[in-house]
Chemist: 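Structure below; questions to follow.
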Amino acid sequence: FVYAIRTGVCIDNPCRSVVVPKQPKAEKKIYSQEETALLFSRLRGEPLKYQAFFYLIAYSGFRRSEMLGLEWRDIDFQNNLVSVRRSSNYTAEKGIYTDSTKTKFSYRTIKVSDYIMDILRQLQAEQKEQAVLCDNWISSDRLFIKRNGSPMNPQTPYGWLKEFCKKNDMEFHGIHSFRHFTASALISYGLDVTSVSRILGHGCPGTTLNIYSHAFQTAQAKASAAMDSAFLFLSQNKNNEDNGVSKKEEKDNVADSIKSLEELAEQIKTLTELKDMASKYGFDISIPASNAKEAVQWLYFGYLASVKSQN
C-alpha cells in the first residue's frame with residue numbers, strides 16, 4: 001500500500017485502521033523440583049544417551065539445538081567443563097545440519113557436577129564399543145547420535161521423553177521446559193540476573209528479566225522475608241530495653257539469631273539492600289564491609305560486643 005499511495009493508485013492504506021487484538025500469553029509449563037527429581041529417579045536403567053541428555057539439559061539450561069551440537073572435544077573431563085560452540089538443527093530441505101549458535105552470547109562454558117561427568121564418561125565408552133561393532137559407523141564426534149554414529153535428529157529426544165512420561169504416568173512439558181526449570185532454580189537460589197543471563201546464553205540481562213520477571217519477584221520476596229526475620233532480634237533488643245528485660249534473657253536470645261543471620265548472609269546480595277532493610281527498623285548502620293555477607297557478620301559481632309559490654 002505504501003508503494004500504491006506513492007504512485008497515486010491509492011490515497012490511503014486501509015490496514016492502518018486495523019487494531020490487532022492482544023493475545024493472552026500462555027503460562028509457561030515448568031517442571032517442578034519434585035517432578036524433576038522423580039524424572040531423574042525413573043531415568044535410572046534407561047539408555048545412557050537419554051540419561052546424559054536430560055541430566056545435562058536440566059543442569060545447564062542449554063537449548064535443545066545446543067545439546068545436540070555438543071561434541072566430545074567440547075567436554076573437559078579434567079575440569080568438569082562443558083562448552084557450547086555450535087548447534088544442530090533440522091529442516092526438510094537440508095536434513096540434519098550444523099549451524100552457529102542463536103547469538104554470539106550463546107558461546108559459553110559452564111561447570112557441571114561430578115555425577116553428570118561420570119555419566120558422560122560412560123556414554124563415551126559405550127560409543128567407542130558401538131564404533132567397533134558397527135560396520136557403517138559414521139564418526140561425527142557428537143555426544144548424542146544415532147546407532148550408526150551420525151548426529152541425532154532433534155525430534156528424537158522430544159519423542160522419547162513424551163513416551164517416557166506416558167509410560168511412567170508423569171506430566172509431559174516438552175524439552176524447552178527444562179531450560180525454564182534451570183533458570184527458575186538459579187533465580188530461586190539467589191543468583192543475580194547478569195549471571196543467570198550468561199549461563200542461559202541470552203543476548204542481554206534485559207531478556208532474562210523479561211522472560212523470568214515473576215521468578216525474580218518471587219526470589220526477592222523470599223529474601224525480604226528472610227531479612228525481616230534476621231533483623232527481628234535488633235528490634236527486640238530495643239523493646240527489651242524499654243520493657244526492662246534482663247541482660248541474661250537478652251543474651252539467651254543471641255543464640256536464636258545465629259541461624260537466621262547465617263541464612264541471611266547467603267541470600268543478601270547487596271550492601272545497599274541490607275542498609276535499606278536496617279532503616280526499616282530504625283537503625284542507621286555504617287559498616288566497613290565490602291559485601292553483604294561481611295555486613296551481616298559485622299552486625300552480629302557488633303551486637304555480641306554490645307551485650308558483653310553491658311553485662
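Position 1 is the first residue of the sequence, and the numbers go up from there.
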Chemist: Please tell me if the side chains of Val112 and Met117 come closer than 4.5 Å, counting only heavy atoms from C-beta onward.
Modeler: yes

Chemist: Name the atoms and distances for all side-chain donor-acceptor pairs under 3.5 Å in residues 123-133, with sequence neighbours left out.
Modeler:
| residue | atom | partner | partner atom | Å |
| --- | --- | --- | --- | --- |
| Gln127 | OE1 | Trp72 | NE1 | 3.0 |
| Gln127 | NE2 | Leu143 | O | 2.6 |

Chemist: Could you check whether any side-chain heavy atom of Thr182 comes within less than 4.5 Å of a side-chain heavy atom of Arg179, counting everything from C-beta outward?
Modeler: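 When only atoms from C-beta onward are counted, Arg179 and Thr182 do not touch, as no gap falls below 4.5 Å.
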
Chemist: Heavy atoms, side chains only, cut-off 4.5 Å: are Pro151 and Ser140 in contact?
Modeler: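 Heavy-atom side-chain distance check passes, below 4.5 Å.
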
Chemist: Is the shortest heavy-atom distance from the side chain of Ile110 to the side chain of Leu81 under 4.5 Å?
Modeler: no

Chemist: Between CZ of Phe181 and CG of Leu39, what distance do you get to the nearest 0.5 Å?
Modeler: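 So the CZ of Phe181 and the CG of Leu39 are separated by 10.0 Å.
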
Chemist: Taking atom CG of Leu43 and atom CD of Gln51, what is their separation to the nearest 0.5 Å?
Modeler: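 Interatomic distance, Leu43 CG to Gln51 CD, rounded to 0.5 Å: 6.0 Å.
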
Chemist: Which residues satisfy the side-chain contact (heavy atoms from CB on, under 4.5 Å) test with Thr156, sequence neighbours excluded?
Modeler: Tyr50, Met152, Asn153

Chemist: Grab the two heavy atoms, one from Leu120 and one from Ala52, that are nearest each other, plus how far apart they are.
Modeler: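 In this case the closest contact between Leu120 and Ala52 is CD2-CB, 4.0 Å.
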
Chemist: Could you walk me through whether Asn89 and Ser87 satisfy the side chain to side chain donor-acceptor pair (under 3.5 Å) test, starting with their C-alpha distance in whole Å, then the side-chain angles of each, then the deciding distance to 0.1 Å, before giving a yes or no?
Modeler: CA-CA 7 Å; Asn89 298 290; Ser87 65; 3.2 Å; yes

Chemist: Are Met67 and Phe144 close enough that some pair of their side-chain heavy atoms sits under 4.5 Å apart?
Modeler: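 They are in contact (side-chain heavy atoms under 4.5 Å apart), so the answer is yes.
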
Chemist: Does some side-chain heavy atom of Cys134 sit less than 4.5 Å from a side-chain heavy atom of Asn136?
Modeler: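 In short, these two side chains touch, coming nearer than 4.5 Å.
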
Chemist: May I have all residue pairs that pass salt bridge (Lys or Arg N to Asp or Glu O under 4.0 Å) and include part of residues 95-108, sequence neighbours excluded?
Modeler: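 For residues 95-108, and leaving out neighbouring residues, the salt bridge (Lys or Arg N to Asp or Glu O under 4.0 Å) pairs sorted by first residue read Glu66-Arg108.
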
Chemist: Taking atom OG of Ser60 and atom CG of Leu200, what is their separation to the nearest 0.5 Å?
Modeler: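 Spacing of OG (Ser60) from CG (Leu200) equals 9.5 Å.
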
Chemist: Nearest 0.5 angstrom please: Leu48 CG to Tyr55 OH, how far?
Modeler: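 If I round to the nearest 0.5 Å, the distance is 11.0 Å.
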
Chemist: Under the rule for salt bridge (Lys or Arg N to Asp or Glu O under 4.0 Å), what residues qualify as partners of Arg147, not counting sequence neighbours?
Modeler: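 Per chain and number, Arg147 pairs via salt bridge (Lys or Arg N to Asp or Glu O under 4.0 Å) with no residue.
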
Chemist: Show me the side-chain donor-acceptor pairs of residues 160-174 shorter than 3.5 Å, one per line, residues at least two apart or across chains.
Modeler:
| residue | atom | partner | partner atom | Å |
| --- | --- | --- | --- | --- |
| Lys167 | NZ | Glu46 | OE2 | 3.3 |
| Asn168 | ND2 | Phe164 | O | 2.8 |

Chemist: Indicate whether any N or O donor in one side chain lies under 3.5 Å from an N or O acceptor in the other, for Thr109 and Ser83.
Modeler: yes

Chemist: Please name the pair of heavy atoms, one in Arg85 and one in Tyr107, separated by the smallest distance, quoted to 0.1 Å.
Modeler: O-CE2, 3.0 Å

Chemist: Measure the shortest side-chain to side-chain distance between Arg86 and Thr101 over non-hydrogen atoms and say whether it is less than 4.5 angstrom.
Modeler: no

Chemist: Report the C-alpha separation of Ile96 and Lys146 in whole Å, then their side-chain angles, then the decisive distance to 0.1 Å, and conclude whether the side-chain contact (heavy atoms from CB on, under 4.5 Å) test is met.
Modeler: CA-CA 12 Å; Ile96 300 173; Lys146 298 179 182 178; 3.9 Å; yes

Chemist: Under 3.5 Å, is there a donor-acceptor pair linking the side chains of Ser139 and Asp141?
Modeler: no

Chemist: Heavy-atom distance under 4.5 Å between the side chains of Val82 and Asp76, does that happen here?
Modeler: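 No - every pair of side-chain heavy atoms lies 4.5 Å or more apart.
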
Chemist: Could you walk me through whether Ser88 and Tyr97 pass the side-chain contact (heavy atoms from CB on, under 4.5 Å) check?
Modeler: CA-CA 6 Å; Ser88 182; Tyr97 66 97; over 6 Å; no

Chemist: If I take atom CD1 from residue Ile116 and atom CZ from residue Arg121, how far apart are they, to the nearest 0.5 angstrom?
Modeler: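 Rounded to the nearest 0.5 Å, the CD1-CZ separation comes out at 12.0 Å.
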
Chemist: Please give the remaining members of the hydrophobic cluster of Ile145, linking ILVMFWY side chains under 4.5 Å, ordered by chain and number.
Modeler: Trp137

Chemist: Rounded to the nearest 0.5 Å, what separation is found between the CG atom of Leu70 and the CD1 atom of Ile75?
Modeler: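 The CD1 atom of Ile75 is 5.5 Å from CG of Leu70, to the nearest 0.5 Å.
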
Chemist: Apply the test side chain to side chain donor-acceptor pair (under 3.5 Å) to residues Arg142 and Thr98: give CA-CA distance (whole Å), side-chain angles for both, the deciding distance (0.1 Å), then the verdict.
Modeler: CA-CA 11 Å; Arg142 293 289 168 86; Thr98 301; 2.5 Å; yes

Chemist: Taking the six-membered ring for Trp, is the centroid-to-centroid distance between Phe178 and Phe62 below 6.0 Å?
Modeler: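 No, the ring centres sit 6.0 Å or more apart.
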
Chemist: If only side-chain N and O atoms count, and only distance matters, is there a donor-acceptor pair under 3.5 Å linking Ser106 with Arg63?
Modeler: yes

Chemist: Backbone N or O of Glu71 within a donor-acceptor pair of the Asp74 side chain at under 3.5 Å?
Modeler: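 Looks like yes, one N/O pair under 3.5 Å.
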
